J.: 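Right, I'll just put the structure down here and ask away after.
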Amino acid sequence: MRNQFSLMRFITLFFVSFSVLFLSPAVFAIGNSIVAVDTAGITGEYTSLVLDAKGFPTMSYYDRTEGKLKIAHCFEKNCAFFNSILTPDAATNIGQYTSIALDSNGKPVVSYYDVKNSALKVLHCGNTVCSNGNTIAAPDTNGTVGQYTSVTVDKNNFPVVTYYDATSGVLKVLHCGNASCTGGNSIVKPDTATSNGVQSSVKMNAAGNPVIAYFDFTKKSLKMLTCGNANCNAGNTINTADSGADVGRFPSLVLDSNGKPAVSYLDLTNGKLKVLRCGNATCSAGNAFASIGTNGVVGYYSSLALDTSDNPMVSYYDRTNGKLNMLRCGNATCTSGNTITVPDVTGNVGLYTSMKLDASGNPVVSYFDASNGDLKVLHCGSATCGPNTVVTADASPKVGQYTAIKLDALGYPVVTYWDETNGDLKLLHCGNSICTANNTITSPYTTGNTGWDTSLALDAIGNPVISFFDFSTSVMKVMHCNNATCAGVNPVNTPDILSRRASSIALDAMGNPVVASAGQSDQGLRIVHCGDALCSANNSITSPDFPVYPAQADVRGVSLVLDAVGNPVVSFYRADKNQLKILHCADTNCSINAGNTITVVDPGAQAADHRATSITLDASGNPVVAYQDSANQALKVLHCGNASCTAGNTIASPATGPSVGSQPSIKIDAATGRPIVSFGSFGAVNNMSVLYCGNAACTAGNVITVVDPTTSGWDSALALDANNNPVASYYNSTGKNLKVLHCATKSCQ
């Protein structure tokens with residue numbers, strides 16, 4: 001047997017479990033740590049977790065093998081080594097239904113159930129690891145009492161406990177008269193109208209009065225109790241917050257920055273996790289609800305926390321799949337932008353979850369591994385507990401085709417796209433780096449059917465400059481927005497009446513737009529170099545790949561970059577000749593007689609659509625192009641051997657198959673020189689993927705990650721954040737809406 005005060009085990013077992021984005025079981029995470037803190041016997045049920053001032057976890061839990069309450073204290077944030085595990089109560093057959101809190105001195109306070117005596121017990125530890133100076137009290141022994149406990153402390157460090165009185169079938173509230181609960185205690189039954197209190201969660205409000213969420217099993221509903229005083233014996237307010245089904249089991253309560261309750265709980269009727277945001281302090285009006293459904297019955301053992309923006313984060317158990325799930329809500333009411341991850345896939349895991357957020361806002365979760373009978377601790381490496389965030393950034397019907405993306409000075413995505421429903425150009429300016437909050441969506445141009453084939457640049461102060469195709473007038477237009485969100489009336493010009501589809505825009509050193517596009521069929525490729533920032537005067541227009549009269553040119557997949565001296569470099573298809581071409585202009589205007597080079601780099605290649613190529617330049621200024629070759633059913637990457645692609649070229653096919661590689665977008669990892677490509681697939685396989693090349697030519701060591709298996713990933717547009725991690729916008733052809741991906745690693749794995 002273990003000595004109840006002096007035994008300390010140093011556990012060095014440490015392993016990292018790969019985390020999986022819920023919607024994409026092929027995508028593995030980096031950054032999460034999962035540690036089996038206690039593996040002796042069957043242990044870890046009824047876990048409850050807190051973080052000390054250093055962010056180190058302390059957990060109470062039940063050891064079924066020994067029939068004991070246990071306290072584990074970690075001496076580093078991941079619990080990877082030097083953990084203390086103690087059994088502070090010498091009695092046996094005790095420790096179920098534990099709940100833990102810390103007093104103002106960082107000493108644990110634990111409520112739990114004494115099975116042998118059918119009584120409530122409260123432990124107040126004498127130090128942070130509960131190794132000495134502990135006090136143990138049994139403040140309520142009247143009948144069968146003490147199951148389903150929840151504990152907090154008041155401003156005097158006196159424990160406040162909610163629990164179930166099985167004899168009376170009601171909720172009880174204990175407010176201890178001192179720190180050890182040995183005298184002056186108040187015990188009340190605040191709601192005797194129904195059978196209730198099987199599960200409860202308690203917090204103290206700013207007035208020092210308990211606020212309690214609990215399950216009413218007579219009416220199968222969630223109830224909220226706001227106590228009128230510290231002892232809950234007068235002035236109480238009770239409201240039924242959710243009813244009409246079997247709802248309210250496993251409630252977890254927190255108070256937001258305004259003192260309004262937020263609760264996560266199980267909707268057993270519908271097999272969903274629910275989140276309640278109360279409209280006022282008593283939940284009597286203005287409440288908002290969200291149902292979080294997935295493939296199965298989910299929402300057991302939920303634990304809720306709020307981030308610095310008061311957005312909920314919830315850990316819970318997926319009973320159907322036997323897995324721990326993590327929810328990060330995209331807004332305060334969990335109605336949009338939610339991310340669900342499955343950070344531990346090793347067996348039947350995730351029962352009895354308890355979660356807190358570390359100083360960085362990343363979840364720390366204790367839970368029970370039923371397959372191995374172990375207590376586990378997950379410390380997430382990101383707020384989502386997964387490698388990538390995928391959000392539906394605009395859920396309006398039929399929006400998101402022809403996307404283009406740039407990152408502003410803060411690293412926040414700016415995306416242009418087409419609104420098919422209204423025939424408008426749209427712009428999304430995200431409110432954070434993952435587009436989960438404070439996004440702004442505008443429709444800056446709404447005349448006619450417009451906004452096809454968008455291309456985007458940001459000027460020196462971050463205002464968007466957009467080229468797009470106006471289908472109503474069959475011309476390419478350029479808009480230079482007056483502000484970062486394109487709100488209000490912005491100037492729009494038509495710099496070339498012969499420029500049409502597949503435009504691609506960049507800004508020269510003066511901030512003037514340079515645009516390549518497909519011209520009318522008898523004009524071939526068009527290059528416009530605007531004479532001012534608005535393209536309103538002195539524009540230069542050329543046709544550097546002009547069809548031989550009377551032939552017609554089918555120009556597709558136009559993509560433009562500027563070289564080190566501002567000369568345009570363009571990849572494009574001459575679909576009428578099955579030729580992939582590279583144009584390197586000899587001057588900034590691409591003048592016909594300046595000595596431009598046009599190279600056919602992949603004879604026989606065919607373009608499937610108007611966005612079939614994407615170009616960038618390597619550190620030496622040599623073009624690197626991603627393109628779809630529909631003739632050979634492949635995503636290809638061309639790495640030119642010189643600036644004009646006339647020698648030393650390599651062509652790799654890192655992904656093959658029917659309809660693979662559609663509408664790719666390419667950037668280069670500045671740290672390694674390796675290309676990164678976003679691309680879609682549709683047909684037999686529908687997904688959005690990211691390629692991280694194993695070398696500069698993409699000929700070996702490539703990693704392809706299916707980042708979103710729920711959509712074909714049309715019209716992808718790629719940017720890289722400050723860490724060279726992919727940020728992509730794309731069209732969800734299934735839901736017909738805009739999505740934004742932000743990967744946590746360069747390979748999205």
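Since the structure is predicted, the reported quantities are computational estimates derived from the model, not experimental observations. All values below come from the heavy atoms of this structure, side chains included, with hydrogens, waters and symmetry mates left out.
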J.: Short question: side chain of Thr320, backbone of Gly296 - any donor-acceptor pair under 3.5 Å?
T.: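 Pair absent, no side-chain N/O of Thr320 close to backbone of Gly296.
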J.: Ignoring hydrogens and angles, tell me if any N or O in the side chain of Asp154 forms a donor-acceptor pair with the backbone of Asn156 under 3.5 Å.
T.: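 Indeed, once roles are kept as given, a pair shorter than 3.5 Å links the two residues.
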J.: Determine, stepwise, if the pair Val211 / Met224 fulfils side chain to side chain contact (heavy atoms under 4.5 Å, CB included).
T.: CA-CA 7 Å; Val211 180; Met224 296 297 303; 4.2 Å; yes
J.: Let's go through Thr149 and Ser111 carefully: what are the C-alpha distance in whole Å and the side-chain angles of both, what is the deciding distance for side-chain hydrogen bond (donor to acceptor under 3.5 Å, both in side chains) to 0.1 Å, and is it a yes or a no?
T.: CA-CA 6 Å; Thr149 75; Ser111 57; 2.9 Å; yes
J.: Hey, does the side chain of Thr65 reach the backbone of Ile42 with a donor-acceptor pair shorter than 3.5 angstrom?
T.: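 The answer is yes, because a donor-acceptor pair under 3.5 Å joins these two groups.
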J.: Could you tell me which non-hydrogen atom of Cys232 sits nearest to which non-hydrogen atom of Val188, and how far apart they are?
T.: O-CG2, 3.7 Å
J.: Take Lys323 and Asp318 through the salt bridge (charged side-chain N to carboxylate O under 4.0 Å, His left out) test and state the conclusion after the steps.
T.: CA-CA 5 Å; Lys323 295 292 177 283; Asp318 175 346; over 6 Å; no
J.: I'd like to know if the side chain of Ser195 reaches the main chain of Phe217, judged simply by a donor and an acceptor atom lying under 3.5 Å from each other, with no hydrogens or angles considered.
T.: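 Side chain of Ser195 to backbone of Phe217, a donor-acceptor pair under 3.5 Å: no, none is there.
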J.: Measuring only between side-chain heavy atoms, which start at C-beta, is Ser131 closer than 4.5 Å to Asn127?
T.: yes
J.: Could you walk me through whether Tyr214 and Leu225 pass side chain to side chain contact (heavy atoms under 4.5 Å, CB included), step by step?
T.: CA-CA 8 Å; Tyr214 60 104; Leu225 164 66; 3.7 Å; yes
J.: Would Tyr352 and Tyr301 count as a ring pair (Phe, Tyr, Trp, His ring centres under 6.0 Å) if you check the C-alpha gap in whole Å, the side-chain angles of each, and the deciding distance to 0.1 Å?
T.: CA-CA 5 Å; Tyr352 308 108; Tyr301 309 110; 4.7 Å; yes
J.: Are any of the side-chain heavy atoms of Leu102 and Pro108 separated by less than 4.5 Å?
T.: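 Yes - at least one pair of side-chain heavy atoms lies under 4.5 Å apart.
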J.: Is there a salt bridge (charged side-chain N to carboxylate O under 4.0 Å, His left out) between Asp307 and Arg328? Walk through the geometry before answering.
T.: CA-CA 9 Å; Asp307 67 14; Arg328 177 180 172 82; 3.6 Å; yes
J.: Decide whether Asp310 and Ser257 meet the rule of one side-chain donor and one side-chain acceptor closer than 3.5 Å.
T.: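 Yes.
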J.: Using a distance-only test with no angle check, is there a side-chain donor-acceptor pair under 3.5 angstrom linking Thr141 and Lys121?
T.: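 Note: Thr141 and Lys121 side chains miss the donor-acceptor criterion.
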J.: Indicate yes or no: at least one non-hydrogen side-chain atom of Leu266 is less than 4.5 angstrom from one of Leu273.
T.: no
J.: Please give me the minimum heavy-atom distance between Asn432 and Ala437, naming the atom from each residue.
T.: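 It is ND2-N, 3.5 Å.
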J.: Apply salt bridge (charged side-chain N to carboxylate O under 4.0 Å, His left out) to the pair Lys68 and Asp63, showing each step before the final yes or no.
T.: CA-CA 5 Å; Lys68 294 268 192 174; Asp63 184 326; over 6 Å; no
J.: Test your reading of the model: is there a side-chain donor-acceptor pair from Asn205 to the backbone of Asn209, 3.5 Å cut-off?
T.: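 Present.
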J.: side-chain contact (heavy atoms from CB on, under 4.5 Å) with Cys125: which of Asn134, Asp103, Thr58?
T.: Asn134
J.: Ignoring hydrogens and geometry beyond distance, is a side-chain donor-acceptor pair present between Ser309 and Asn311 at under 3.5 Å?
T.: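 No - no donor-acceptor pair under 3.5 Å links their side chains.
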J.: Give the minimum heavy-atom separation between Ala290 and Thr333, together with the two atoms involved.
T.: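 Nearest heavy atoms, Ala290 then Thr333: CB-O, 3.2 Å.
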J.: Among Asp267, Asp216, Asp242, Asn239, find the residue that satisfies the side-chain contact (heavy atoms from CB on, under 4.5 Å) test when tested with Leu222.
T.: Asp242
J.: Rounded to the nearest 0.5 Å, what's the gap from OH on Tyr97 to OH on Tyr113? Could you check?
T.: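 Reported value, rounded in 0.5 Å steps: 7.5 Å.
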J.: Thr135 and Ser180: side-chain donor and acceptor closer than 3.5 Å?
T.: no
J.: With sequence neighbours excluded, tell me which residues meet ring pair (Phe, Tyr, Trp, His ring centres under 6.0 Å) with Tyr300.
T.: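 For Tyr300 the ring pair (Phe, Tyr, Trp, His ring centres under 6.0 Å) partners, ignoring immediate neighbours, are Phe250.
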J.: Scan side-chain atoms only and decide if Thr194 and Thr218 contain a donor-acceptor pair under the 3.5 Å cut-off.
T.: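 Checked: Thr194/Thr218 side chains show no N/O donor-acceptor pair below 3.5 Å.
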J.: For Asn280 and Ser284, which I'm curious about, is there any donor-acceptor pair between the side chains at under 3.5 Å?
T.: yes
J.: Going by side-chain contact (heavy atoms from CB on, under 4.5 Å), name the residues that satisfy it together with Asp246, two or more places apart in sequence or in a different chain.
T.: Phe215, Lys220, Arg249, Leu268, Thr269
J.: Does any non-hydrogen side-chain atom of Tyr317 lie less than 4.5 Å from one of Leu324?
T.: no
J.: Would you say the side-chain atoms of Asp89 pair up with the backbone N or O of Ala91, donor to acceptor, closer than 3.5 Å?
T.: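 Side chain of Asp89 to backbone of Ala91: a pair is present.
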J.: Taking atom CG as the centre, does Asn105 end up with more than 12 heavy-atom neighbours from other residues, nucleotides or ligands that are less than 6.0 angstrom away?
T.: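 For Asn105, atom CG is crowded (more than 12 foreign heavy atoms under 6.0 Å).
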J.: Please tell me if the side chains of Val145 and Tyr163 come closer than 4.5 Å, counting only heavy atoms from C-beta onward.
T.: yes
J.: Using a 3.5 Å distance criterion without hydrogens, assess whether the side chain of His73 forms a donor-acceptor pair with backbone atoms of Ile85.
T.: no
J.: Under 3.5 Å, is there a donor-acceptor pair between the side chain of Ser371 and the main chain of Asn348?
T.: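 Present.
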J.: If we only count heavy atoms from C-beta on, is the His379 to Lys77 side-chain gap below 4.5 Å?
T.: yes
J.: Set out, in order, the CA-CA distance, both residues' side-chain angles and the distance that settles side-chain hydrogen bond (donor to acceptor under 3.5 Å, both in side chains) for Ser168 and Lys189, then state yes or no.
T.: CA-CA 9 Å; Ser168 302; Lys189 301 174 183 177; 2.9 Å; yes
J.: Check for a donor-acceptor pair, side chain of Asn362 on one end and backbone N or O of Asp358 on the other, with a separation under 3.5 Å.
T.: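 Checked: no pair found.
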J.: Before giving the answer on side chain to side chain contact (heavy atoms under 4.5 Å, CB included), spell out for Leu375 and Phe368 the whole-Å C-alpha distance, their side-chain angles and the decisive distance to 0.1 Å.
T.: CA-CA 5 Å; Leu375 171 70; Phe368 179 55; over 6 Å; no
J.: Just by distance, no angles: are the side chains of Thr353 and Ser315 close enough, under 3.5 Å, to form a donor-acceptor pair?
T.: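 Short answer, yes.
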J.: Looking at every non-hydrogen atom in both residues, tell me the closest pair between Val263 and Pro251 and how far apart they are.
T.: CG1-CB, 4.0 Å
J.: Does a donor on one side chain and an acceptor on the other come within less than 3.5 Å for Asn196 and Tyr164?
T.: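 Side-chain D/A pair, Asn196 to Tyr164: absent.
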J.: Over all heavy atoms of both residues, which pair between Cys334 and Ile292 is shortest? Give the atoms and the distance, please.
T.: O-CD1, 4.0 Å
J.: Using side-chain heavy atoms (C-beta onward) and a distance below 4.5 Å, is Met326 in contact with Met313?
T.: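 No, side chains not in contact.
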J.: Would you check if the distance from the ring center of Tyr61 to the ring center of Tyr46 is below 6.0 Å?
T.: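 Ring centres of Tyr46 and Tyr61 not closer than 6.0 Å.
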J.: Evaluate side-chain hydrogen bond (donor to acceptor under 3.5 Å, both in side chains) for Ser104 paired with Asn157, printing each intermediate quantity in order.
T.: CA-CA 7 Å; Ser104 61; Asn157 288 328; 2.8 Å; yes
J.: Between Asn178 and Thr182, is the side-chain hydrogen bond (donor to acceptor under 3.5 Å, both in side chains) condition met? List the steps.
T.: CA-CA 7 Å; Asn178 55 32; Thr182 54; 3.0 Å; yes
J.: Looking only at non-hydrogen atoms, find the nearest pair between Ala179 and Pro159 and report the distance.
T.: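 Reported closest heavy-atom pair: O-CD, 3.5 Å.
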J.: Between Lys223 (side chain only) and Ala241 (backbone N and O only), is there a donor and an acceptor less than 3.5 Å apart?
T.: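 No, the answer is negative, given that no donor and acceptor are paired below the 3.5 Å cut-off.
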J.: I want to check something: taking the side chain as every heavy atom from C-beta on, are Val122 and Val161 in contact at a cut-off of under 4.5 Å?
T.: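 Sidechains of Val161 and Val122: in contact.
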J.: For Lys356, does the NZ atom have more than 12 heavy-atom neighbours from other residues, nucleotides or ligands under 6.0 Å away?
T.: yes
